[in-house]
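As structure tokens, the structure follows; a few thoughts come after it.
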Amino acid sequence: MNHMTQAMRELHQMDELSSMDSVIHRCHPLAKLLVTIVYIFTVASFSRYDLTGLIPMVFYPMLVFTISGLSVRLCFHKLRFILPLVCAVGIWNPFLDRTEALIIGNAVITGGMISFVTLILKGIYGLMASFLLIATTNIEKICYALRMLHLPEFLATQILMTYRYISLLLQEAGTMMNAYMLRAPGQKGIHFSAWGSFAGQLLLRSMDRAQELYQCMQMRGFNGMFYYADVEPFRIRDAVYPVFWIMAFLIMRFVNLSELVGGMIL
């Protein structure tokens, strides 16, 4: 199995996850989108030194993982290529910010170390929230929620079609990869001298396939707008979920629950 085939399987697996049945899956897509946006902005608003205040924000993704029946391990497996980039964002902070912030025994904790861990947590929280949105809501419903937020129609259509038909691009790339490997047995990857022609052929094949798909869509009555027939309108009862979580985020943002709980225990 080449990398393209594996990518296609993982993409289809996300669609299977979004078709599961749970309380979170049944929530209105607009409610989940609003919660995700507010959560990411709330996490990003914490100071780079406010590590204790940021820790309780893990409560949201962990509770949603539990209720929805999704696996945290699967989440980190899907994000395995992005997590190293998140960790690399603040890798120089411990070397640039050497201000003493905390002394534990003989160990000195600098401000750079705290800001480094804080940046990692912010990135992980944001990725977990994004994964939960995609894993509990299919792309049609996400685009429907974006349209309800008055995102321009052509942008929502581009997002939907890019997600839906990226598998076709991967399929074309996988076919070309298999053909190349049959002509170069024993070679690992594509030789750099063939990168230009490979990319050009992939572009041409993708354009031809896209033109065929567009013609088929036009024959079925496509006029530039998708009709989301299976999504219900946003009702008052659907506001319970975002209101609850937004209030919880505000409490966790302005009340340091870690220090509060620690003070009660001590």
Find the distance between [atom1] ([X]) and [atom2] ([Y]) and round it off to the nearest 0.5 Å.
X	Y	atom1	atom2	value
C87	I91	SG	CD1	8.5 Å
M128	L121	CE	CG	10.5 Å
Y49	M113	OH	CE	12.5 Å
L146	L155	CG	CG	9.5 Å
L54	R48	CG	CZ	14.5 Å
T136	D21	OG1	CG	12.5 Å

> With D50, which residues qualify under salt bridge (Lys or Arg N to Asp or Glu O under 4.0 Å), at least two apart?
Replying inline: none
>> Applying salt bridge (Lys or Arg N to Asp or Glu O under 4.0 Å), can you list everything that pairs with R73, at least two apart in sequence or on another chain?
In response: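 Result, salt bridge (Lys or Arg N to Asp or Glu O under 4.0 Å) vs R73: none returned.
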Residues which pass ring pair (Phe, Tyr, Trp, His ring centres under 6.0 Å) with [X], listed by chain and number, not counting sequence neighbours:
X	value
F249	Y39, Y60, W245
F254	none
F65	none
F234	H28

Provide the closest heavy-atom pair for [X] versus [Y] in the form atom of the first, atom of the second, distance.
X	Y	value
L160	C143	CB-SG, 3.6 Å
V86	I120	CG1-O, 4.0 Å
R253	S45	NE-OG, 2.9 Å
T137	P29	CG2-CB, 3.8 Å
V43	K122	O-CE, 3.4 Å
A31	P242	CB-CD, 3.6 Å

With side chains defined as the heavy atoms from C-beta onward, is the minimum distance between [X] and [Y] less than 4.5 Å?
X	Y	answer
L17	F131	yes
I142	Y163	no
M14	K78	yes
S130	I40	yes

> Where do L151 and I159 land on the side chain to side chain contact (heavy atoms under 4.5 Å, CB included) test, with the steps shown first?
Replying inline: CA-CA 11 Å; L151 183 77; I159 294 173; 4.2 Å; yes
Do any N or O atoms from the side chain of [X] and from the backbone of [Y] form a donor-acceptor pair under 3.5 angstrom?
X	Y	answer
K32	L132	no
R80	H77	yes
D238	R235	yes

>> Assess the residue pair F76 and I124 against the criterion (side chain to side chain contact (heavy atoms under 4.5 Å, CB included)); give the C-alpha distance rounded to whole Å, side-chain angles, the decisive distance to 0.1 Å, and a yes or no.
In response: CA-CA 9 Å; F76 284 99; I124 292 176; 4.0 Å; yes
Assigning hydrophobic clusters by single linkage (Ile, Leu, Val, Met, Phe, Trp, Tyr; side-chain heavy-atom cutoff under 4.5 Å), is [X] placed with [Y]?
X	Y	answer
I67	V64	yes
L33	V240	no
V38	V243	no
M207	F198	no
L204	M176	no

> Given the rule in the side chain to side chain contact (heavy atoms under 4.5 Å, CB included) test, do M62 and V72 qualify, once you have shown the distances and angles that lead to the verdict?
Replying inline: CA-CA 8 Å; M62 297 309 297; V72 180; 3.9 Å; yes
> What's the verdict on side chain to side chain contact (heavy atoms under 4.5 Å, CB included) for Q13 and L74, showing C-alpha distance, side-chain angles and the deciding distance?
Replying inline: CA-CA 11 Å; Q13 188 179 16; L74 178 62; 4.0 Å; yes
